[in-house]
Amino acid sequence: MSKILMVVSAANSLRLADGTEHPTGYWAEEVAASHRVLTAAGAQVDVATPGGVAPTVDAVSLDERGGVPAADAAEFRAYLDGIADQLAHPLTLADVRGDDYDAVYVPGGHAPMADLAHDVDLGRLLLAANDRGTTVGALCHGVAALLSAQEPDGTFAFAGRALTSFTDEEERQGGLGDAAPYLVESRLRERGAVVQVGAPWSSTVVQDGNLITGQNPQSSAAAAEAVLKALAAR
């Protein structure tokens with residue numbers, strides 16, 4: 001049985017470009033759909049957060065403000081309720097031993113931009129995972145978490161690697177737009193990643209060796225399935 005570490009942001013707010021605080025959290029579909037696909041295949045999924053803080057679901061991801069139909073929102077809410085105990089008592093990221101896991105998987109929501117993108121414990125885990133060839137998966141704004149992986153000389157560990165993320169265009173169409181503190185796609189490009197994007201809101205997954213990334217919430221199931229396929233091929 002594969003063991004997968006799902007790293008979820010503990011942030012419940014994001015400082016916008018104008019300095020104001022914007023409520024946020026993890027995106028419901030990205031955690032629910034990914035967790036469901038992974039566990040349905042028999043994988044053990046452990047949830048970890050910075051400080052072992054119970055993560056907050058972004059309320060916008062459960063209603064029409066996030067473009068989520070009522071039926072889908074009800075489905076995601078029911079699934080999250082079913083794993084409520086796991087979410088309420090996550091592992092503390094600093095205490096996690098990366099070599100205990102076959103893969104690391106980071107779902108999004110805007111929250112990872114606030115904490116995971118510069119979390120030193122996550123950076124340590126990602127560097128070690130990448131060095132071992134362990135599968136690293138990230139989804140949507142969760143791809144910003146890869147930015148935490150800096151080599152001792154300050155270079156970005158995933159520079160030169162092909163990946164995707166929530167795109168600048170999607171941020172403008174259905175995200176925070178110019179209010180965002182930074183644009184994930186642009187920041188990754190600046191750090192040297194080879195960002196490949198699909199059409200806005202399409203299910204798009206990019207794999208480069210052990211690195212698997214999904215573009216947006218619509219890519220949640222496909223990204224999780226790609227992680228499972230990579231693990232099966234090992």
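The first residue in the sequence is number 1, and the count goes up from there.
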When clusters are formed by joining ILVMFWY residues with side-chain heavy atoms under 4.5 Å apart, either directly or through shared neighbours, do Val31 and Leu122 land in the same one?
-> no

If you count the non-hydrogen atoms of other residues, nucleotides and ligands that lie under 6.0 Å from NZ in Lys3, is the total more than 12?
-> yes

Which atom pair, heavy atoms only, marks the closest approach of Leu38 to Ala224?
-> CD2-O, 3.7 Å

Nearest heavy-atom neighbours spanning Ala226 and Val205 = CB-CG1, 4.1 Å

Do Leu147 and Leu188 come within less than 4.5 Å of each other through their side chains, counting heavy atoms only?
-> yes

Under the side chain to side chain contact (heavy atoms under 4.5 Å, CB included) criterion, do Val68 and Phe76 qualify, and how do the steps go?
-> CA-CA 10 Å; Val68 182; Phe76 302 145; 4.1 Å; yes

Which atom of Ala11 lies closest to which atom of Ala111, heavy atoms considered | O-CB, 3.6 Å

Does the side chain of Leu163 come within less than 4.5 Å of Val195's, by heavy atoms?
-> yes

Ile212 with Leu5, same ILVMFWY side-chain cluster at under 4.5 Å | no

If you measure from CZ on Arg187 to CE on Met113, what distance do you get to the nearest 0.5 Å?
-> 8.0 Å

Could you verify whether a donor N or O on one side chain and an acceptor N or O on the other, from Asn210 and Arg234, lie under 3.5 Å apart?
-> no

OH of Tyr79 to NE2 of His35, rounded to nearest 0.5 Å, is 4.5 Å

Strictly by modelled atom types, are Glu21 and Ser13 linked by a side-chain donor-acceptor pair under 3.5 Å?
-> yes

Mind checking the CD-CG spacing from Glu151 to Asn130? Nearest 0.5 Å is all I need.
-> 8.0 Å

Can you tell me how far CZ of Arg15 sits from OG1 of Thr20, rounded to the nearest 0.5 angstrom?
-> 8.5 Å

Give the intermediate values and the outcome of salt bridge (charged side-chain N to carboxylate O under 4.0 Å, His left out) for residues Arg189 and Glu185.
-> CA-CA 6 Å; Arg189 290 186 189 278; Glu185 176 193 345; 2.9 Å; yes

Passes side chain to side chain contact (heavy atoms under 4.5 Å, CB included), Ile83 versus Val47? Steps please.
-> CA-CA 10 Å; Ile83 60 170; Val47 175; 5.9 Å; no

Backbone N/O of Leu183 and side chain of Ser186: donor-acceptor pair under 3.5 Å | no

Leu91 reachable from Tyr105 in the ILVMFWY side-chain graph, under 4.5 Å edges | no

Per side-chain contact (heavy atoms from CB on, under 4.5 Å), Leu146 is matched among Val106, Val184, Leu211 by Leu211

Pick one: which of Tyr182, Trp27, Trp201 meets ring-ring contact (aromatic ring centres under 6.0 Å, His included) with Phe166?
-> Trp201

Please report the closest heavy-atom contact between Asn216 and Cys140, naming both atoms and the distance.
-> CA-SG, 3.6 Å

Heavy-atom distance under 4.5 Å between the side chains of Asp72 and Glu29, does that happen here?
-> no

Applying the 4.5 Å side-chain criterion to the ILVMFWY set and letting contacts propagate, would Leu87 and Val57 be lumped into a single cluster?
-> yes

For the residue pair Leu125 and Tyr101, establish whether any side-chain heavy-atom pair is separated by less than 4.5 Å.
-> no

To the nearest 0.5 angstrom, please state how far the CD atom of Glu75 sits from the CG atom of Leu62.
-> 11.5 Å

Residues Ser9 and Asp115: side-chain donor-acceptor under 3.5 angstrom = yes

Do Phe158 and Val143 have side chains that get closer than 4.5 Å, going by heavy atoms?
-> no

Are Leu126 and Leu231 connected in a single hydrophobic cluster, I mean Ile/Leu/Val/Met/Phe/Trp/Tyr linked by side-chain heavy atoms less than 4.5 Å apart?
-> no

Can you find a pair of side-chain heavy atoms, one from Pro107 and one from Met6, that are under 4.5 Å apart?
-> yes

Counting N and O atoms only, with roles assigned by atom type, does the side chain of Ser61 sit under 3.5 Å from a partner on the main chain of Ala28, one being a donor and the other an acceptor?
-> yes

Return yes when atom CG of Asp178 has more than 12 non-hydrogen atoms of other residues, nucleotides or ligands closer than 6.0 Å, and no otherwise.
-> no

Can you find a heavy atom in the side chain of Val8 that is under 4.5 Å from one in the side chain of Pro90?
-> no

Kindly give the heavy-atom pair with the smallest separation between Val45 and Gln86, and that separation in Å.
-> O-NE2, 2.5 Å

Have His141 and Glu171 got a donor and an acceptor in their side chains that come within less than 3.5 Å?
-> yes

Closest non-hydrogen atom pair, Leu139 against Ala223 = CD1-CB, 4.2 Å

Please examine the side chains of Val7 and Val96, heavy atoms only from C-beta on, and report whether any two atoms are closer than 4.5 Å.
-> no

Name the one of Glu169, Gln215, Glu170 that satisfies side-chain contact (heavy atoms from CB on, under 4.5 Å) with Val197?
-> Gln215

Does Thr164 use its side chain to pair, donor to acceptor, with the backbone of Thr213 at less than 3.5 Å?
-> no

Which value, rounded to the nearest 0.5 Å, describes the distance between Arg77 atom CZ and Asp63 atom CG?
-> 8.0 Å

